[in-house]
Amino acid sequence: MAVTKNKINLGGLARKLILENILDEDKAQKAHQKALAENRPFVAYLVENQIANDKDIAKAASEEFGVPLLDLSAIEIDEEVTSLVASDLIEKHHVLPIFKRGNRVFIAGSDPTNIHALDEIKFHVGANTEMVVVEEKKLAKLIEQVLDDSGSVFGDMNEADLADLDNLEVADESNRDEADSDVDDAPVVRFINKMLMDAIKKGASDLHFEPYEKTYRVRFRIDGVLHEISKPPISLAGKIGARIKVMSRLDVSERRVPQDGRIKLKISKNKAIDFRVSTCPTLYGEKAVLRILDSDSAKLGIDVLGYEDFQKEIFLENLQKPYGMFLVTGPTGSGKTVSLYTGINILNTEDVNISTAEDPVEINLPGVNQVQVDEKTGMTFPKALKAFLRQDPDIILVGEIRDLETGSIAVKAAQTGHMVMSTLHTNDAPQTLTRLKDMGIPPFAVATTINVIVAQRLARRLCPHCKQPMNIPKDALISEGFSEQAVDEGFTLYEATGCDQCSNGYKGRTGIYQVMPISDAMKRLIMDESNSVVLADQAKKEKIPDIRESGLKKVQDGITSLKEINRVTVE
């Protein structure tokens, strides 16, 4: 009676093995109970105790559940993929990722009913997972070998230049409630560190951690376009958000208002990358956006930013002027900061006093006096500018001209013998002039202080390995904005295709620019309070290409595609 009472209804793989006469029911019952008691996988217990043959089990499992059967000794294991998953997870589920195709990771296991393993590994690797059935003995041997060789959660990240990954400079965690102590959950810590490192490796500019009602997703902005990277369980949303806040010195207990912070990630002895962190309460939790701030981007040099030769000449000529305003304009994420800091880097010599006021300070440059604007403490742009003017400046950089007070002080500084560099959020160079006038800055002051305006966008570069030529009729090319002369002379247009060395056919970005020096004719129009349309017509008369024309030149040169230029500019 006791045996009958403890007897359980076996299903799944165990039932298939009984029906195929690979295992009798009594042995299956006992093996199932003992495997549970020892916390061992059922199939592993059967094979280790020689209760059933692993080849027979693998064949039956493949037939019953329609899962491919693979011989581990006949295929080449991708070591990069096997190292994607932490050793404790491999041991826990007794499975092993063996190769990857596109965004799908194939998991070798001896029991295809282990769905929980697929879900948990999917979360950790940030890719879809699919099971393949393998023989238990070969799987156990390979798992033992992999765990002996690596055991690293970061897999291919533990190369020489990432050797100091563990030196992640985490903020002081003393401001954390005891209730939030679970932010140190090892899988969550490991997941966030992996996301940070993956973002750096993929060349992302931003990471988005986004909670929704029933899902949670992580997206990277790569070459200006967002891509979904991972979908961790929604149950971890609170822990992920809390961990990010602890790392960036934010108040973990405050979930009702936006907060801003910073994370420093040391990836080698001589290189560290900063992340600017912004959290914002949403309907279903706190969204966190991390902007990657790489100081090396300011040291690239003007030659790699994408300026045409004549534009670079105008840029450098106006950069060397002793006074006046040098303005860069464009939407958020268009590369304005890199352009300004490229100029600052050129001017940064020991005989020049440079002061900057920014919100926030994105790039650190030795030799430059940088001030962090903070409205809470009263350190505003106007206050910083007034302080600079009392400290014998040569060059002043204002992160952004947002209001009349900031603009007025910047203009006065430019009128009194200082070079002032700044940004505005406008669509093109002529609109910048009318925007300053609309702020309340007198037209005369605008006309006499501004030396040059650089409007810019960033466009994705075509991958040189897979771009393909395409044919477009002449009439269609002319309607897109190409000149008849250019079309008659002929050029090759390319389109994005995609390969394993790029992201959807694109790799990296280039700038497209409108570099507009303020001529005498332009100054007269400004003082006559002409609108941006009239100013744009004057720029055309002076043969200054607008952003669209500069973008089409990049298409003619085979640097980017017409589709990409249509995405980032107005036809």
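Just the heavy atoms: all of them, side chains too, but no hydrogens, waters or symmetry mates, feed the values below.
- Between F491 and F482, the ring centre distance stays below 6.0 Å.
- Two residues are said to be in side-chain contact when any heavy atoms from C-beta on lie closer than 4.5 Å; Q456 and V454 meet this criterion.
- Crowding of N471 atom CG: a count of heavy atoms from other residues, nucleotides or ligands under 6.0 Å not exceeding 12.
- When atom types are taken as modelled, the side chain of T497 and the backbone of C466 share a donor-acceptor pair closer than 3.5 angstrom.
- You'll find the ring centres of Y284 and Y212 outside the 6.0 Å limit.
- The aromatic rings of Y307 and Y513 sit parallel to each other, their planes meeting at less than 30°, with 60° as the upper class boundary.
- Using a cut-off of 4.0 Å between Lys/Arg side-chain N and Asp/Glu carboxylate O, D520 and R524 are scored as not salt-bridged.
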>> Could you go through I478 and K474, starting from their C-alpha distance and side-chain angles, then the distance that decides it, and tell me whether this counts as side chain to side chain contact (heavy atoms under 4.5 Å, CB included)?
In response: CA-CA 6 Å; I478 292 173; K474 178 179 177 179; 4.0 Å; yes
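- T329 contributes a side-chain N or O that, together with a main-chain N or O of L424, makes up a donor-acceptor pair within less than 3.5 Å.
- Remark: the backbone N or O of P331 is paired with a side-chain donor or acceptor of K336 at under 3.5 angstrom.
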>> Show, in sequence, the C-alpha distance, side-chain angles and deciding distance for I565 and R548, and conclude whether the side chain to side chain contact (heavy atoms under 4.5 Å, CB included) test is met.
In response: CA-CA 8 Å; I565 292 303; R548 174 75 181 176; 3.7 Å; yes
>> Using side chain to side chain contact (heavy atoms under 4.5 Å, CB included), reason through R291 and V289 one step at a time and then give a plain yes or no.
In response: CA-CA 7 Å; R291 165 68 59 88; V289 177; 5.8 Å; no
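- Using cut-offs of 30° and 60° for the angle between ring planes, the F99 and F106 rings count as parallel.
- The closest donor-acceptor contact from the side chain of Q501 to the backbone of C463 lies at 3.5 Å or more, if one exists at all.
- L327 has its side chain within reach of L436: a pair of non-hydrogen atoms, C-beta onward, lies under 4.5 Å apart.
- Panel note: side chain K553, backbone P545; no donor-acceptor pair is recorded below 3.5 Å.
- The 12-atom threshold is not exceeded at NZ of K122, counting heavy atoms of other residues, nucleotides or ligands nearer than 6.0 Å.
- Of all the heavy atoms in P281 and P258, the pair that sits closest is CD-N, 3.7 Å.
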> Does the pair K321 and N318 meet the rule for a side chain to side chain donor-acceptor pair (under 3.5 Å), with working shown?
Replying inline: CA-CA 5 Å; K321 290 186 176 180; N318 284 277; 3.2 Å; yes
>> Test side chain to side chain contact (heavy atoms under 4.5 Å, CB included) on M421 and L319; report intermediate values, then the result.
In response: CA-CA 9 Å; M421 305 177 74; L319 196 64; 3.7 Å; yes
